[in-house]
Amino acid sequence: MAKKRYKISNSKIHQSGLFANASIGKGDKIIQYTGEKISKKESEKRALSWEKKAKKSGEGLVYIFELNDKWDLDGRVGENPARLINHSCSGNCEAINVDGEIWIFAKKKIKEGEELTYDYGYDMEHFLDHPCRCGSKNCVGYIVREDQRLKVRKLLKKRKKKKVGASEKK
């Protein structure tokens with residue numbers, strides 16, 4: 001049996017994470033993201049329920065991947081170490097749907113001991129609910145996909161100006 005390409009360890013980003021157990025080459029397949037195949041309706045129901053609990057406990061929010069227009073994959077069900085991969089605005093991995101299975105691939109060369117991360121790709125609709133602690137130079141402080149980070153930066157700048165203006169009026 002092949003040696004696992006990852007190990008579970010404490011993460012500076014969020015409690016636990018997956019780390020490279022050896023050097024990993026760009027484009028290498030690292031781990032499959034597994035779980036229970038569920039309908040979109042069930043997916044929405046679970047996501048809303050977990051979000052409420054996670055806000056109180058501080059644990060990870062949602063572990064659901066979209067498989068297609070009808071089905072999602074719930075990564076909280078069963079043994080799925082891939083669910084411990086943390087978000088980073090400068091991730092070194094990417095999640096790719098390969099024939100209905102979610103696989104994590106290296107986007108670049110990863111050194112032994114380096115934390116495995118990828119962009120969760122969240123929409124900015126509820127970005128304030130998803131603070132980011134990745135520490136990357138690309139980080140806007142919230143988990144939002146790359147193509148929406150500039151919009152979030154602009155919104156945050158406007159909010160800051162409004163707060164400053166409001167405090168000056170007092």
Side-chain angles (χ1 to χ4, degrees), residues 1-22 24-108 110 112-134 136 139 142-148:
M1 185 172 172
K3 181 180 173 186
K4 289 181 185 175
R5 305 189 93 168
Y6 61 87
K7 63 183 175 184
I8 299 170
S9 193
N10 292 332
S11 168
K12 291 179 182 176
I13 297 172
H14 189 268
Q15 299 170 352
S16 296
L18 286 193
F19 292 77
N21 216 18
I24 299 172
K26 180 180 179 178
D28 285 359
K29 187 187 282 190
I30 301 170
I31 185 173
Q32 183 180 5
Y33 192 97
T34 60
E36 179 185 6
K37 188 176 178 180
I38 57 175
S39 69
K40 294 289 184 186
K41 185 176 181 180
E42 179 63 19
S43 178
E44 187 174 328
K45 179 178 147 187
R46 289 183 189 186
L48 291 172
S49 171
W50 293 334
E51 189 170 9
K52 286 180 188 176
K53 290 178 193 172
K55 282 182 181 178
K56 291 177 186 171
S57 70
E59 64 182 298
L61 286 173
V62 181
Y63 298 92
I64 295 177
F65 261 98
E66 183 176 305
L67 291 175
N68 56 39
D69 291 342
K70 293 183 181 181
W71 300 100
D72 287 342
L73 187 66
D74 178 356
R76 286 179 63 119
V77 178
E79 190 171 320
N80 177 27
R83 73 185 166 97
L84 297 175
I85 299 174
N86 287 309
H87 165 84
S88 174
C89 298
S90 298
N92 54 16
C93 297
E94 60 186 329
I96 299 175
N97 186 328
V98 179
D99 299 324
E101 295 179 340
I102 305 298
W103 284 90
I104 308 301
F105 288 86
K107 282 176 54 175
K108 58 185 181 181
I110 301 170
E112 182 176 352
E114 190 176 341
E115 184 167 6
L116 305 176
T117 60
Y118 62 89
D119 183 343
Y120 285 3
Y122 287 177
D123 189 65
M124 68 179 276
E125 183 180 7
H126 301 287
F127 77 90
L128 291 172
D129 294 334
H130 305 286
C132 182
R133 300 183 209 103
C134 77
S136 150
C139 187
Y142 296 93
I143 300 175
V144 293
R145 65 180 192 249
E146 185 177 7
D147 67 338
Q148 296 185 351

Is a side-chain donor-acceptor pair under 3.5 Å present for T117 with N86?
-> no
Going from CG on L84 to OG on S9, what distance comes out if it is rounded to the nearest 0.5 angstrom?
-> 11.0 Å
Please check if atom CD in E94 has more than 12 non-hydrogen atoms from other residues, nucleotides or ligands closer than 6.0 Å.
-> yes
So Y142 and F127, would you call those rings parallel, tilted or perpendicular, with 30° and 60° as cut-offs?
-> perpendicular
Report yes or no: is the cationic atom of R76 (NZ for Lys, CZ for Arg) closer than 6.0 Å to the six-membered ring centre of Y63, at no more than 45° off its axis?
-> no
What pairs with R5 under salt bridge (Lys or Arg N to Asp or Glu O under 4.0 Å), at least two apart in sequence or on another chain?
-> D28
Which residues pass the ring pair (Phe, Tyr, Trp, His ring centres under 6.0 Å) test with F105, sequence neighbours left out?
-> none
Can you name the residues that form a side chain to side chain donor-acceptor pair (under 3.5 Å) with Q32, not counting sequence neighbours?
-> none
Specify the closest pair of heavy atoms between E79 and T34, including all atoms of both residues, with the distance to one decimal.
-> O-OG1, 3.3 Å
Residues in ring pair (Phe, Tyr, Trp, His ring centres under 6.0 Å) with F19, at least two apart?
-> none
To the nearest 0.5 Å, atom CG of D119 lies from atom SG of C93 at 12.0 Å
Closest non-hydrogen atoms of C134 and C89, given as atom of the first, atom of the second and distance, are SG-N, 3.4 Å
Any luck finding a side-chain donor-acceptor pair between N21 and E112 under 3.5 Å?
-> no
Within residues 30-40 or reaching into it, pairs that qualify as salt bridge (charged side-chain N to carboxylate O under 4.0 Å, His left out) - sequence neighbours excluded = E36-R46, K40-E66, K40-D72
With sequence neighbours excluded, residues passing salt bridge (Lys or Arg N to Asp or Glu O under 4.0 Å) with D123 | R145
CD1 of I38 to OG of S43, rounded to nearest 0.5 Å, is 4.5 Å
Do L67 and I102 come within less than 4.5 Å of each other through their side chains, counting heavy atoms only?
-> yes
